[in-house]
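Let me begin by presenting the structure, written as structure tokens, before commenting on it.
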There are 2 protein chains.
Amino acid sequence: MVLLVLPVRRMFPAMRVKIAGLDPHQQYYIAMDIVPVDNKRYRYVYHSSKWMVAGNADSPVPPRVYIHPDSLASGDTWMRQVVSFDKLKLTNNELDDQGHIILHSMHKYQPRVHIIRKDFSSELSPNKPVPSGNGVKTFSFPETVFTTVTAYQNQQITRLKIDRNPFAKGFRDSGRNRTGLEAIMETYAFWRPPVRTLTFEDFTNMQKQQVHFIYIVPNLESRLKTLYN
Amino acid sequence: MVLLVLPVRRMFPAMRVKIAGLDPHQQYYIAMDIVPVDNKRYRYVYHSSKWMVAGNADSPVPPRVYIHPDSLASGDTWMRQVVSFDKLKLTNNELDDQGHIILHSMHKYQPRVHIIRKDFSSELSPNKPVPSGNGVKTFSFPETVFTTVTAYQNQQITRLKIDRNPFAKGFRDSGRNRTGLEAIMETYAFWRPPVRTLTFEDFTNMQKQQVHFIYIVPNLESRLKTLYN
DNA sequence: GGTTTCCCACCTAGGTGATAACTT
DNA sequence: AAGTTATCACCTAGGTGGGAAACC
């Protein structure tokens, strides 16, 4: 008998967005996928504290889509809350059959948020690419690009994760819980104020509207674990 | 500031049913509600180990429906699995606003399983009675009648719950884990073999079919906790 | 005196980074 | 040498009945 162990990890910090401009009475799915940023493989260079190109990317992995568990819901419901993707799980096992998002280690990725009108969702599946067309709108934010690792390369990332993730409380250095974090965030030049505003033509056939996404915490490195048998 | 504490308890043992005879391609909700068996209030008489009538029932409580979390799903999906209601929660707080099922202590109740065709579900809500009509079929089993309590009256019930509920493992008497249980089950004359078969006219406009419900564990006493502020 | 509330130790279930062992 | 895997102590989160206290 073979027992499958599933060392899969959540993405942390999680993407959190606030949405406006939907038709309150229309039904929508909201989904996330994660796409490669380029065709490169990266290596962390300690003395310069930077990720450097180190060859070409590995071959593509099966496409996976995380369908937000509150789906299906009305525009009204989606807009009332901050939509959090904290239960999204990553793995580097290309044979994963649990619907988790599969990524290569040491590559750069970009999460995308998809808003999918119900009547356009017949093709929606965790194992197929998100359909495109009139009933689907896709958003991504440059500041959410992250690099995958199996062991943390940068001690500041580790510190940030320990300070922010409730499940890592056991590793907290009870001396400087909050103040240390501020300094770390300042270190990251790509950190941005938490509110982003995008405009797009509302796909409910109403007039143009503003859509606000509040992106609260950026992703920096995201640790993978593997599934094996 | 007022913090609400929610001493609500799961129903245990949970109802578990196996369903056949649905249209595999049709979409269904499955739901449970719990209805009074009579208009009496009961008291446990120790020397005879029996529940005896002790006055009339309390005034009715707000109707609540537990919609199975796998809803909405196809007939095919429902029929492939044992459908378990183990996350259904009970409370005796009539002001509960979390959608839990509200019951009076020391009353007799009967759980009912409802199978609701999707196109008939517009009225379905946790706070409204289950609609009736052609697209809804309701089932109940006499052996699942139970009595509500806030503290267990019968030591054999306590024993059975401790032995069967994983969350009560800390109270187990590691001497007679299994054999003691058998004796307890024999004590209950209303215990039945685990498979029940009912026939009904399939409401998907197909020919008559058999519907099998496997009711696996009977409910005996179900402990309530209250919500307060 | 019977019933209910409140708090507790003790569980299940599962999400952390550290670290030693393993792989390439 | 560098990257990955397996295991671990330590958390969060939440479901148990016991039993003292409170209620009525």
Side-chain angles (χ1 to χ4, degrees), chain A residues 3-14 41-46 54-55 58 86-93 100 104-107 147-155 157-174 221-229, chain B residues 3 5-14 41-46 52 54-55 58 86-93 100 104-107 147-155 157-174 221-229:
Chain A
L3 268 187
L4 285 183
V5 183
L6 298 164
V8 172
R9 298 268 170 159
R10 287 189 181 175
M11 184 167 78
F12 188 90
R41 156 185 278 274
Y42 288 84
R43 167 188 305 277
Y44 192 75
V45 182
Y46 291 91
D58 295 341
D86 58 328
K87 293 198 173 59
L88 181 152
K89 289 183 177 176
L90 306 177
T91 183
N92 62 349
N93 185 314
H100 302 131
H104 286 129
S105 186
M106 311 184 75
H107 288 58
T147 310
T148 49
V149 294
T150 57
Y152 293 129
Q153 306 297 314
N154 182 333
Q155 181 56 35
I157 299 291
T158 309
R159 192 80 249 147
L160 184 149
K161 293 213 170 192
I162 288 173
D163 286 344
R164 304 283 282 213
N165 193 326
F167 294 105
K169 204 179 205 174
F171 299 101
R172 276 186 203 159
D173 191 6
S174 54
E221 287 178 10
S222 219
R223 182 169 175 174
L224 304 170
K225 287 283 189 173
T226 61
L227 168 68
Y228 67 99
N229 59 7
Chain B
L3 269 187
V5 183
L6 298 165
V8 172
R9 299 269 169 160
R10 286 188 181 176
M11 185 166 77
F12 188 89
R41 155 186 280 272
Y42 289 82
R43 167 188 305 275
Y44 193 74
V45 181
Y46 291 89
M52 309 289 276
D58 296 341
D86 58 327
K87 294 197 174 59
L88 182 153
K89 289 183 176 175
L90 307 176
T91 182
N92 62 349
N93 185 315
H100 301 130
H104 286 129
S105 185
M106 311 186 75
H107 287 59
T147 310
T148 49
V149 294
T150 57
Y152 293 129
Q153 307 296 314
N154 181 334
Q155 181 56 36
I157 299 291
T158 309
R159 191 82 249 147
L160 185 150
K161 293 212 170 193
I162 288 173
D163 286 343
R164 304 284 280 212
N165 192 327
F167 294 106
K169 203 178 206 174
F171 300 102
R172 275 185 204 160
D173 192 5
S174 53
E221 288 179 8
S222 219
R223 181 168 173 175
L224 305 169
K225 286 282 190 173
T226 60
L227 167 67
Y228 64 101
N229 59 8

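Residue numbering restarts at 1 for every chain, and letters A, B, ... go by the order of the sequence lines. Note that the coordinates shown come from a computational prediction; the quantities given were computed from them, not determined experimentally.
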Can you measure [X] atom [atom1] to [N] atom [atom2] for me and round it to whole angstrom units?
X: A/His100; N: C/dG14; atom1: NE2; atom2: P; result: 11 Å
X: A/Phe12; N: D/dC11; atom1: CZ; atom2: C1'; result: 13 Å
X: A/Arg172; N: D/dT12; atom1: CZ; atom2: C1'; result: 11 Å
X: A/Met106; N: D/dA1; atom1: CE; atom2: C1'; result: 13 Å
X: A/Asp86; N: C/dG14; atom1: CG; atom2: P; result: 16 Å
X: A/Asn165; N: D/dC10; atom1: CG; atom2: P; result: 18 Å
X: B/Leu90; N: D/dT16; atom1: CG; atom2: C1'; result: 15 Å
X: A/Asp163; N: D/dT12; atom1: CG; atom2: P; result: 14 Å

Considering only nitrogen or oxygen atoms on both sides, find all protein atoms under 3.5 Å from nucleotides 21-24 of chain D and state each distance.
none

[N] phosphate, OP1 or OP2, under 4.0 Å from [X] side-chain N/O:
X: A/Asn93; N: D/dT5; answer: no
X: B/Lys87; N: D/dG15; answer: no
X: B/Ser105; N: C/dT4; answer: yes
X: A/Arg164; N: C/dT16; answer: no

Verify, without hydrogens or angle tests, whether [X] (side chain) and [Y] (backbone) share a donor-acceptor contact under 3.5 angstrom.
X: B/Thr91; Y: B/His100; answer: no
X: A/Lys89; Y: A/Met11; answer: no
X: B/Arg172; Y: B/Ile162; answer: yes
X: B/Gln153; Y: B/Ala151; answer: yes

Original post:
Got a sec, which residues hit side-chain contact (heavy atoms from CB on, under 4.5 Å) with B/Lys87, two or more places apart in sequence or on another chain?
Top reply: B/Arg10, B/Tyr66

Original post:
What residues, two or more places apart in sequence or in another chain, satisfy side-chain contact (heavy atoms from CB on, under 4.5 Å) together with B/Tyr42?
Top reply: B/Asp38, B/Lys40, B/Trp51, B/Val53, B/Lys108

Using atom names, set out every protein N or O paired with an N or O of nucleotides 21-24 of chain C below 3.5 Å, distance rounded to 0.1 Å.
none

Please round to the nearest 0.5 Å and tell me the distance separating atom [atom1] of [X] and atom [atom2] of [Y].
X: B/Asn154; Y: B/Tyr44; atom1: CG; atom2: OH; answer: 3.5 Å
X: B/Thr150; Y: B/Asn92; atom1: OG1; atom2: CG; answer: 7.5 Å
X: B/Arg159; Y: B/Phe171; atom1: CZ; atom2: CZ; answer: 11.0 Å

Original post:
How are the rings of B/His104 and B/His107 set relative to one another: parallel (under 30°), tilted (30 to 60°) or perpendicular (over 60°)?
Top reply: tilted

Subject >> Residues that B/Arg43 engages under side-chain hydrogen bond (donor to acceptor under 3.5 Å, both in side chains), provided they are two or more places apart >> reply: none

From [options], nucleotide with atom closest to [X] side chain:
X: B/Ala168; options: C/dG17, D/dT16, C/dT16; answer: D/dT16
X: B/Thr150; options: D/dT16, D/dG3, C/dT3; answer: C/dT3
X: A/Ala151; options: D/dG18, D/dT4, C/dG15; answer: D/dT4

Identify the pairs formed between an N or O of the protein and an N or O of nucleotides 8-10 of chain C at a distance under 3.5 Å, and give each distance.
none

Subject >> Earlier contact from the 5' end, DNA chain C, for A/Ile162 and B/Arg43 >> reply: B/Arg43

Subject >> Nearest-nucleotide 5' precedence on DNA chain C, B/Pro166 against A/Lys89 >> reply: B/Pro166

Subject >> Atom of B/Tyr152, atom of B/Val149 and distance for their closest heavy-atom approach >> reply: CD2-CG2, 3.9 Å

